[in-house]
Amino acid sequence: MNGGHRSDDNRPGASHALALFLSGCLAACSTIPERVSDYGPAAAAAELTGTPFHPQERYQCGPAALMTILEASGAGTDMDTLIRRVYLPARQGSLQTELVAATRAEGRIPYQLAPKLSSLGAELKAGRPVLVLQNLGVSWLPRWHYAVVVGVNPEADEIVLRSGTERRRVTRTATFLRTWRRSGYWSLVALRPGEMPAEADRERWFDTLAALEETGHIRNARAGWQAALGQWPDATVARFGLANSEFLLGNWAGAEAGYRALLVSQPGLVMVRNNLAAALLKMERVDEARDEAMRALRQAEGTAAYRQAIEETLAEIDAAAERM
């Protein structure tokens, strides 16, 4: 069952700053590659035969497929819990948004793969099955269905799925691609905290971690930022994200150290300086906080969204000064 997106209005302040920062740094990653059907240059057969199997009840392919990838990741959950979290009786199915949220709630990082076969194969080789959304009907009469890819066989031109009541459904690649394409090539893996996708796309990964912060899964976000820095040690967004995670976890000194390290090499990063001011305020260093916020405000001239965030920080500093 296909669905849209759900907003979250409960953003912590540092996470909101990260969202502003990302909006200025990242491009959207919505392009469908022309070579979706490529298995990749090092294509080889792979099948995760030990992947759990949960036959679906009527209309409940969403919980069954999600249970499959979560159990494969080592998450300790149960079907009744997932049904309550993702199954919508009025719609006789589950929305992608619900599956993503439930994955986060089970302590895993939901990562949407790039829309190509090579990404599926790479995850299988890393030991992770992939949840996919298919339309088994036609465009004017859709029949949405969640399944789990557990194998690819380029030589035989086949895909192996846990699907519905079939433990091992083998389908031709062309057939799979046709049904997968109708969902916009939507797919999902469940990563343990600290794991990286097999074919990690920087922008896609950073967006994933920012969404974790926005929805309150801060410790898992921190683990993700740390893993990102292991792969891209000079990535400004990842360094800012890690410092923000420390802030949101109450490690003000760690956050200060992270923000200051960024500003040494890039003193013009306005939102980093704003968050430094917020960290200093948390440590009751009010004068230092005001100095940094005022400097950020001068640097943000002409950028309305940045100025509003900094003015809010200054208002908090003034209120704290009055209480002292």
Mind running side chain to side chain contact (heavy atoms under 4.5 Å, CB included) on Ile310 and Gln299 for me, showing each step along the way? CA-CA 10 Å; Ile310 298 164; Gln299 290 176 324; over 6 Å; no

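- Between Leu120 and Trp180, some side-chain heavy-atom pair lies under the 4.5 Å cut-off.
- Heavy atoms only, all atoms of each residue included: Ala72 and Pro129 are closest at CB-CG, 3.7 Å.
- With values rounded to the nearest 0.5 angstrom, Phe53 atom CZ is found 13.0 Å from Arg168 atom CZ.
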Decide yes or no on side chain to side chain donor-acceptor pair (under 3.5 Å) for Thr68 and Arg162, but give the supporting numbers first. CA-CA 9 Å; Thr68 298; Arg162 299 277 190 269; over 6 Å; no

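- Leu281 places a side-chain heavy atom less than 4.5 Å from the side chain of Val286.
- A donor-acceptor contact shorter than 3.5 Å is absent between the side chain of Arg85 and the backbone of Ala101.
- Distance CG/Asp78 to CD1/Ile83: 9.0 Å, rounded to 0.5 Å.
- Residue-environment remark: CZ (Arg219) stays at or below the threshold of 12 foreign heavy atoms within 6.0 Å.
- Of the possible donor and acceptor atoms, none in the side chain of Gln231 sits under 3.5 Å from a partner among the backbone N and O of Arg202.
- Here Tyr306 contributes atom OH and Leu297 contributes atom CG; the two are 14.0 Å apart, rounded to the nearest 0.5 Å.
- Using the six-membered ring where Trp is involved, Phe206 and Trp232 have ring planes that are perpendicular, over 60° apart on the 30 and 60° scheme.
- Within the 4.5 Å cutoff, the side chain of Val130 has no heavy atoms near those of the Ile69 side chain.
- Within the 3.5 Å criterion, the main-chain N or O of Arg143 finds a donor-acceptor partner in the side chain of Asn135.
- Two residues are said to be in side-chain contact when any heavy atoms from C-beta on lie closer than 4.5 Å; Phe176 and Val132 meet this criterion.
- Taking OH of Tyr259 as the start and CG of Leu242 as the end, the distance is 9.5 Å to the nearest 0.5 Å.
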Start with the C-alpha distance between Glu47 and Asn153, add both sets of side-chain angles, then the distance that settles side chain to side chain contact (heavy atoms under 4.5 Å, CB included), and finish with yes or no. CA-CA 8 Å; Glu47 183 173 349; Asn153 190 333; over 6 Å; no

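- The backbone N or O of Thr215 sits nowhere less than 3.5 Å from a side-chain atom of Arg104 that would complete a donor-acceptor pair.
- How far CE of Met67 is from NE2 of His54: 4.0 Å, rounded to the nearest 0.5 Å.
- The CD atom of Glu246 sits 13.5 Å away from atom CG of Asn275, with the distance rounded to the nearest 0.5 Å.
- Side chains of Pro110 and Leu99 form no contact here, defined as non-hydrogen atoms less than 4.5 Å apart.
- A continuous path of ILVMFWY side-chain contacts below 4.5 Å connects Trp186 to Val148, so both sit in one hydrophobic cluster.
- Under a 3.5 Å cut-off, the side chain of Arg273 and the backbone N or O of Pro267 do form a donor-acceptor pair.
- Side-chain contact between Thr77 and Glu71 is absent, with no heavy atoms from C-beta onward closer than 4.5 Å.
- Taking every heavy atom of both residues into account, Ala75 and Glu106 meet most closely at CB-O, 4.1 Å.
- Under a 3.5 Å cut-off, the side chain of Thr313 and the backbone N or O of Ala309 do form a donor-acceptor pair.
- No continuous path of ILVMFWY side-chain contacts below 4.5 Å connects Leu136 to Tyr146, so the two sit in separate hydrophobic clusters.
- Aromatic ring pairs are classed by plane angle as parallel below 30°, tilted from 30° to 60° and perpendicular above 60°; the pair Trp205 and Tyr111 is perpendicular.
- Heavy atoms only, all atoms of each residue included: Gln134 and Ala147 are closest at OE1-CB, 3.5 Å.
- Within 6.0 Å of CD on Glu166 lie more than 12 heavy atoms contributed by other residues, nucleotides or ligands.
- The side-chain contact (heavy atoms from CB on, under 4.5 Å) with Leu276 is formed by just one residue from the set Glu288, Met271, Arg260; it is Arg260.
- Between the side chain of Thr173 and the backbone N or O of Asp157, at least one donor-acceptor pair lies under 3.5 Å.
- Val100 places none of its side-chain heavy atoms less than 4.5 Å from the side chain of Thr103.
- When all heavy atoms of Ser73 and Arg192 are compared, the pair lying nearest together is O-NE, 2.9 Å.
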Criterion side chain to side chain contact (heavy atoms under 4.5 Å, CB included) on Leu269 and Phe240, from CA distance to verdict: CA-CA 10 Å; Leu269 294 176; Phe240 186 39; over 6 Å; no

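- Between Leu124 and Leu48 the shortest heavy-atom distance is O-CD2, 3.4 Å.
- Counting heavy atoms from C-beta outward, Leu191 and Thr208 have side chains that stay 4.5 Å or more apart.
- For Arg169, the CZ atom is loosely surrounded, since the number of other residues' heavy atoms within 6.0 Å does not exceed 12.
- Nearest heavy atoms, Ala277 versus Glu292: CB-CB, 4.0 Å.
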Check step by step if side chain to side chain contact (heavy atoms under 4.5 Å, CB included) holds for Asp318 and Arg290. CA-CA 8 Å; Asp318 290 341; Arg290 182 180 286 105; 3.2 Å; yes

